[in-house]
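Each residue takes its place number in the sequence, starting with 1. As the structure lists them, so they are numbered: ligands from 1, and atoms in each ligand from 1.
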Amino acid sequence: MATWSAPGKVFLFGEHAVVYGKPGIAMAIKPRVFVTVRKSKRPARAKSPYIDGCFEAMGVVGSVYINSQIPSSSGLGSSAAVTVATLSAINDEFALNKSREDIANMAFEIEKTVQKGRASPTDTTVSTYGGIVLITGSSRRRLPPQNMHLVIGDSLVSHSTAKMVEQVAELKKTNPGIVDPILDAIEGVGLAAIHHLSNPKELGRYMNMNHALLEAMGVGHPQLSRLVLASRSAGAFGAKITGAGGGGCMVALCAKPVRHRVAQAIQSCDARAIVTGLDTEGARKEKNV
Ligand code: PMV
């Protein structure tokens, strides 16, 4: 029996633009998914295409138990975390000697297959390695870790990443003169932000700019706007949509003493708040329970 965990993620900058080869900056966060795999003659009956994909890719049969702290379908990367933790646990239980890089690549391929081609390597990279990652096209670079105090607001409004990506693609096709400069501006914000990762006040300003640009592309939602404004009023340095938008989550960057005030402000808007921070570890082996 082997138990591994992997973290969820938030996009700090560049969601949607990353689909067009612009830089995306994402970071691993504290809620994790825990997966236990055991050798078994009977195949896993997880009813998840991600888990099936993991056993298929590794060419083994086993049973699986999942315990997730990450809300699913909220844009916090739960499917990538499940995939990375399952591959890591299978690798350990069956002594397959795959490297971390192999796991990241396999997880990306599985996500891509299940999501019918619509996946960037962001979630699987961040979940495998942890830390803050800069994604540009097919290149992935880890940025220096920072001690950030984040509050995530889950709007509890369901959304579809595939639908939002398609919506932006359609708008780009019909209005390239508007959308292309917005994507360029998102790139500009992300590139500027890289130089201020250790300065939360400055970083917050860039997050606000990125939020406005996402709204301009039509991926906002009234409830996300409410949570963003409530967080800023409660003292956050900055707040923005994180992930595909149209529902799902927003993220606020705060000074440590105000994070619970920001969380309360989010909760008073009928949303769920998660106070969190950077997870530098990525996939990790856990004690079996
Ligand atoms: O909602 P999420 O966390 O799956 O993020 C989607 C991010 C996009 O840039 C919109 C799509 C992608 O695959 O990068």
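- Phe108 and Leu96 fall into different hydrophobic clusters, where Ile, Leu, Val, Met, Phe, Trp and Tyr residues are linked whenever their side-chain heavy atoms come under 4.5 Å apart, directly or through other members.
- Ligand 1 places these atoms under 4.0 Å from at least one heavy atom of Gly243: 1 (O), 2 (P), 3 (O), 5 (O).
- For ligand 1, the polar-atom distance check against Lys9 finds a nitrogen or oxygen pair separated by under 3.5 Å.
- Between His16 and ligand 1, a contact under 3.5 Å exists for at least one N or O pair.
- Between Tyr206 and the choices His211, His196, His195, the ring pair (Phe, Tyr, Trp, His ring centres under 6.0 Å) rule is met once, by His196.
- Checked for salt-bridge contact, Lys240 and Glu15 meet the test: a charged N lies under 4.0 Å from a carboxylate O.
- Listed by number with element, the atoms of ligand 1 under 4.0 angstrom from any heavy atom of Phe11 are 5 (O), 7 (C).
- The pair Glu170-Lys172 does not meet the salt-bridge criterion, since no charged nitrogen lies less than 4.0 angstrom from a carboxylate oxygen.
- By the 4.5 Å heavy-atom criterion applied to side chains, Leu76 and Ile274 are counted as neighbours.
- Taking only nitrogen or oxygen atoms, main chain and side chain alike, Val19 does not reach within less than 3.5 Å of ligand 1.
- Contacts of Phe11 classified as ring-ring contact (aromatic ring centres under 6.0 Å, His included), with partners at least two apart in sequence or in another chain: none.
- Nearest to atom 2 (P) of ligand 1 by heavy-atom distance, out of Thr242, Thr161, Val165, is Thr161.
- Every N/O-N/O distance between Val18 and ligand 1 stays at or above 3.5 Å.
- For ligand 1, the atoms lying closer than 4.0 Å to a non-hydrogen atom of Glu15 are 9 (O).
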